[in-house]
Amino acid sequence: VRTMALTQVSANKCCGGYQKVFEHDSSELKCKMKFAIYLPPKAESGKCPVLYWLSGLTCTEQNFITKAGSQRAASEHGIIIVAPDTSPRGCNIDGEDESWDFGTGAGFYVDATQDPWKTNYRMYSYITEELPRLINSNFPADPEKMSISGHSMGGHGALICALKNPGKYKAVSAFAPICNPVQCAWGQKAFSGYLGPDKSTWEAYDATILAASYSGPELDILIDQGREDQFLSSSQLLPDNLIAACSEKKIPVVFRLQQGYDHSYYFVYSFINDHVKHHAKYLNA
Amino acid sequence: MDVYEMRGRLQVIAEEMAVSEDEDGEGDEEAFVMVSKRPSTSSSSFCRDCATPAHSGHPPNHRVLPLQEAAQDMKTELSQSCSKLTEKITQMENFASNLEEIFITVEENFGRQEQNLEQHYSDVLQTLSQRNSENSAALQDQKKQKLEALYGQLLACGRLLDTSKDLIESAQELHRCQNKHAFLQVELKAGVSIDFTTPTADLSAVKQMMESINVVPAPSAPVMNPQVVNSATTSSLRVCWSLFSDDTVDFYQLYCRQISEDITTETEQDASVRRVKETHYVVTDLLPNAQYEFWVTATNTTGISPASERAVYMTVPSPPVIKLQESVSCLEAALIRWDSGNTNPVESYTLELSEADNHSSVTESIVAIPTCECLVQLQPWKRYIINIRAVNIGGASERSQPITISTTGTLFHLLKETAHPSLSVSPDGFTIALWRSRSVMCTSMTEMYLSCLCWVCSCVAVLGDLIPVRGQHYWEVEVDEWAEYRVGVAYEDTQRTSYLGANATSWCMRHLLTPSRHKYEFLHNGWSADVRITVQPFRIGVFLDYERGTLSFYNALLQQHLYTFSCCFHHYVLPCFALDKPGALTLHTGLTAPKYITHT
């Protein structure tokens, strides 16, 4: 068993707490990984629940912590927010940096089964297993209270993590998630690359398909979607499919189509407080 | 005894005293001279016991003093006696002057009494002579009439005598004649009737006058006392009065009359009378919250006093009746409404409240409430028992039946009077239903729309009676799957011709059915957020927070947040419930806002 050594990359006081970045050697991904963690003031005196934030295509751990403005709400509600990177980096795999929607910065939160990706691209296991272990053993985190959220590809990641692990996450929410990757260009490209041509294996990572067969504790899903989102109109996100599945399955979803907003972090910034509050409701219950 | 005479005698005594004093003085001197003249011949000492100059052969047990000393002693004694006597004289003089005063007073009183009696005597005489002259005139008249009648009868008598004479003659003739039966055919006529009525002299007035010449004067008018606090009940009044101390009274007569507020029945009702020995009386069998007029007369053997001034007393009102369905509450306050319980107005009301779990009687009272409602501030998470008393000048009524208020949530009912005419509100005030489709209704009920108080024409709605307190309020609405409804809040002055949520003064959640799905809108000012909800809420939690300026909607069964309006509510809002299609919805109030709402 390797020791999970953490190296602090940066620490900045923020909203009474600290915004820090750490680096560690990931056993799951076989590479050095960075993650950002916001520690609210409450973490100095006791254990706090953790919200895992999954970013979208091309992002690193930096995008969310510098653009989303989540720290104030996290400070007020006493929530730790962990924002990992979006893929393994520097693994010297052929073609990993060729396109922005596949390989580096586009891990799609799956455990790859295909060569040459299957050794490193195990983001699903990293997010649901390794990272929580690391956080729980190194920070004042309450292991019983975790929730998950994300943006775009990260929204997809958040939804599948919650749907595949009933009861593990107390709450889930998403900004402009890729709701039905099996049906959209991004998803098809990534899944065929990481999982191979057998489409039945893709279904294990598709929120809409997972929702249709979900059974477990009641989930309360909050989704915000910008109406002027170019990827909505280009059918990359397909929220209607997820809503239909959830309506059918009676999975509670509040889906808010926000007039005038696009796919950017300006949109995320505008509604992050509602999401942190949504998570706080279940994490602090 | 004549006082003057006595005084004269006293003076004589005083003079004699003065004289004897002088004589004593002279005697002393003489004695002194006598003694001083013979100092050589006799001894120079004096025996106190023998009161003579002492000789050599004097008994040894006697007190012997030098002569001069003895003289001095005697002088002192004499002057003391002298001053005592002077004092006595002064006292006697005072006594004499007192007696003189008493004498004068007695004489004056006798004089007054005499005057009174003379007055009465002359009154009686006058009355008698007046009566006499009246009666004698009447008797003269009668005499004259009677004489005239007698004269008339005398004349008749004369005529009768003549007839009789004729009769005798004819009888004699008949006697002489053979036919004895003819006598029977002749009429006999005789007899005079004298029936005079003897007038009886009416002397009762005189008798009364004689009786009034009495030692005890008739009492003067008693004085009514004003009503005393807490002396009345709903059906009785304790009436008090007083009299002048030197009046003697055998009994009083207390008159009682209800003062009618209604002018049409102001036909001087008969006063009831009661005979009372004391100067107070409890009048019973009266009406509540009514004014009564009282006055008394005092009576003794001599007569009846004039009536006292009239005093107005008021019975205590009946207890009010709390309107349970119209009393509302929240965490910090309650708005209690009640019926007066009295047909005529009362002065004010008193609200009494006590904590139900705290067994002390009353912890707080609010007095001088002019109207039939009161907003009372309370502590959250407690149970209170509240009752009302009606108050007028007579005092406070009994307590009303109590109402129990639990400050654990916001309790209100639907305002039935604001309901659209086609909307039926259940008797308990919590369920509304729309039976007919609105297209049918619009043709048949146009006239009703015109007179309707509420949203009318467009929005089939009813308002809720939310307490006007700027706190947090939570209520739930139970809906069925196919009901198309709007639930939310609106300012009281919201335009009544527009749909709920279609204007700047109302906020609502709307459910409607489209061919493909259940659609939810969160409407304000005609604009709705585009929100999709995957699980249909059958129980909607509505949370209004004036302080934060938010109105939130929840799927209460899932504890799922659906939408939040952010708005500064400048005025008080009222909950609003509308049905766009036939269906029903049920309101649940008095619930505690769930923690998942209040703790985030």
Side-chain angles (χ1 to χ4, degrees), chain A residues 49 73 76-79 159 170-173 179 207-208 211-212 214 217-229 232 238-261 270-271 273-285, chain B residues 472 474 479 481-482 509-543 545 548-567 592-600:
Chain A
E76 282 166 9
H77 289 102
I79 292 172
L159 291 170
K170 300 292 172 198
V172 57
S173 73
C179 293
T208 299
Y214 177 81
E218 202 133 71
L219 278 173
D220 179 359
I221 304 171
L222 172 63
I223 300 174
D224 272 307
Q225 173 65 58
R227 181 173 270 182
E228 307 309 318
D229 185 335
L232 177 68
L238 305 172
D240 288 341
N241 297 354
L242 178 67
I243 289 164
C246 289
S247 299
E248 183 68 28
K249 199 70 190 155
K250 301 255 182 278
I251 296 171
V253 175
V254 169
F255 176 85
R256 312 192 297 188
L257 195 59
Q258 306 286 8
Q259 216 168 32
Y261 288 93
S270 302
F271 300 103
N273 284 349
D274 288 352
H275 284 248
V276 175
K277 190 178 172 186
H278 173 79
H279 287 265
K281 175 178 153 190
Y282 294 96
L283 292 174
N284 290 330
Chain B
Q472 295 182 337
Y474 178 76
V479 292
E481 193 176 351
W482 307 109
M509 171 179 171
R510 181 189 182 198
H511 171 237
L512 64 160
L513 288 163
T514 65
S516 56
R517 62 186 179 103
H518 294 281
K519 194 174 176 198
Y520 294 92
E521 290 180 346
F522 295 90
L523 278 164
H524 172 57
N525 215 0
W527 183 86
S528 170
D530 194 343
V531 176
R532 300 276 297 272
I533 293 167
T534 54
V535 178
Q536 202 186 348
F538 296 122
R539 195 149 170 150
I540 299 158
V542 184
F543 184 66
D545 188 335
R548 288 195 221 170
T550 57
L551 175 71
S552 302
F553 294 89
Y554 296 87
N555 181 333
L557 299 178
L558 298 178
Q559 307 194 347
Q560 183 189 26
H561 173 255
L562 301 178
Y563 191 78
T564 294
F565 288 105
S566 288
C567 178
T592 300
K595 277 191 178 169
Y596 74 86
I597 293 174
T598 52
H599 283 49
T600 51

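We name chains A, B, ... by the order of the sequence lines, and we start the count at 1 in each one.
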| field | Proximal component of A:I251, with respect to chain B [non-hydrogen, under 4.5 Å] | value |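 Looking at A:I251, just its backbone touches chain B.
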
Starting at [atom1] of [X], measure out to [atom2] of [Y] and round the result to the nearest 0.5 Å.
{"X": "A:R256", "Y": "B:F522", "atom1": "CZ", "atom2": "CZ", "result": "10.0 Å"}
{"X": "A:L219", "Y": "B:L558", "atom1": "CG", "atom2": "CG", "result": "11.5 Å"}
{"X": "B:R517", "Y": "A:D240", "atom1": "CZ", "atom2": "CG", "result": "8.0 Å"}
{"X": "B:Q560", "Y": "A:K281", "atom1": "CD", "atom2": "NZ", "result": "7.0 Å"}

| request: For A:D220 and B:Q559, work out which heavy atoms get closest and say how close. | output: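 Closest heavy-atom pair between A:D220 and B:Q559: OD2-O, 4.1 Å.
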
| request: Residue by residue, scan residues 530-538 of chain B and write down, ordered by number, those that have a heavy-atom distance under 4.5 Å to chain A; if none do, write 'none'. | output: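 Those residues of residues 530-538 of chain B which have a heavy atom under 4.5 Å from chain A are B:D530, B:V531, B:R532, B:I533, B:T534, B:V535.
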
| Looking at A:V254, A:L222, A:I221, which one has more heavy-atom pairs under 4.5 Å with chain B than the rest? |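 Among A:V254, A:L222, A:I221, the one with the most close pairs to chain B is A:V254.
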
| request: For B:H518, enumerate each residue passing the ring-ring contact (aromatic ring centres under 6.0 Å, His included) test, keeping only those at least two apart in sequence or located in another chain. | output: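 Here the qualifying residues are B:W482, B:H511.
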
